[in-house]
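All values below were derived from every heavy atom in this structure, side-chain atoms included, with hydrogens, water molecules and symmetry-related copies excluded. These figures come from a predicted structure and were not determined experimentally.
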Amino acid sequence: MNRFTANQLKVIREERGFSQSEAAKYMHISDRTLRAIEANERQVTSDEIIQFSRIYQVDVRELLLEEYVEQSEEQILFNRYISLYRIFDQLGDKDKEDVVWVLKQRIAGLI
């Protein structure tokens with residue numbers, strides 16, 4: 001792991017309002033282990049990076065790539081949605097219809 005990732009894990013945890021104890025609990029690791037990760041004293045596994053991204057609700061790239069974080073908000077949103085579109089595009093027609101139906105239901109519930 002590099003210094004950037006260790007720092008990002010701490011910064012994003014704090015931005016999301018998690019204490020080290022809370023984050024460690026969600027990660028199923030000790031507070032001591034989390035402190036070592038955030039201090040760049042312990043390597044973080046790819047599985048842990050994925051789990052951190054889920055807990056903190058951020059894109060994995062925000063934890064790993066400094067140049068990704070330096071992008072504008074528009075660029076970041078575009079990258080997220082283009083990935084979603086690529087997955088959607090691979091679905092069959094019936095599955096696409098189902099996804100659109102679910103989205104319409106969710107949108108109707110927000111109005």
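A salt bridge is absent between Lys25 and Asp31; no separation between the charged side-chain nitrogens and carboxylate oxygens falls under 4.0 Å. The pair Arg35-Glu41 does not meet the salt-bridge criterion, since no charged nitrogen lies less than 4.0 angstrom from a carboxylate oxygen. The pair Arg42-Glu48 meets the salt-bridge criterion, with a side-chain N (NZ, NE, NH1 or NH2) lying under 4.0 Å from an Asp/Glu carboxylate O.
Looking at heavy atoms from C-beta onward, Phe88 lies in side-chain contact with Val100 at the 4.5 angstrom threshold. Here the side chains of Met27 and Thr33 are not in contact, with every heavy-atom distance at 4.5 Å or above. Contact annotation: the side chain of Ser53 never approaches that of Asp59 to less than 4.5 Å [non-hydrogen atoms, C-beta and beyond]. The shortest distance between side-chain heavy atoms of Ile55 and Arg13 does not fall below 4.5 Å. You'll find the side chain of Phe52 stays beyond 4.5 Å of the side chain of Asp47, heavy atoms only. Side-chain contact between Gln51 and His28: present, with at least one pair of heavy atoms (C-beta onward) separated by less than 4.5 Å. Counting heavy atoms from C-beta on, the side chains of Arg16 and Val58 come closer than 4.5 Å.
Side chain of Gln90 to backbone of Ile87: no donor-acceptor contact under 3.5 angstrom is found.
The 12-atom threshold is not exceeded at CD of Gln57, counting heavy atoms of other residues, nucleotides or ligands nearer than 6.0 Å. Other residues, nucleotides and ligands contribute only 12 or fewer heavy atoms inside 6.0 Å of the CG atom of Asp93.
If you take CD1 on Ile12 and CD on Glu38, they are separated by 10.5 Å, rounding to the nearest 0.5 Å. We find the OH-CD distance between Tyr26 and Glu22 to be 6.5 Å, quoted to the nearest 0.5 Å.
Clustering ILVMFWY residues whenever any of their side-chain heavy atoms sit less than 4.5 angstrom apart, transitively, puts Leu103 in the very cluster that holds Leu91. Taking hydrophobic clusters as Ile, Leu, Val, Met, Phe, Trp and Tyr residues chained together by side-chain heavy-atom distances below 4.5 Å, Leu9 shares a cluster with Val60. No chain of hydrophobic side-chain contacts below 4.5 Å, direct or via other Ile, Leu, Val, Met, Phe, Trp or Tyr residues, connects Val11 to Phe18.
The side chain to side chain contact (heavy atoms under 4.5 Å, CB included) test with Thr5 singles out one residue from Asn40, Ile37, Ile49, and that residue is Ile49.
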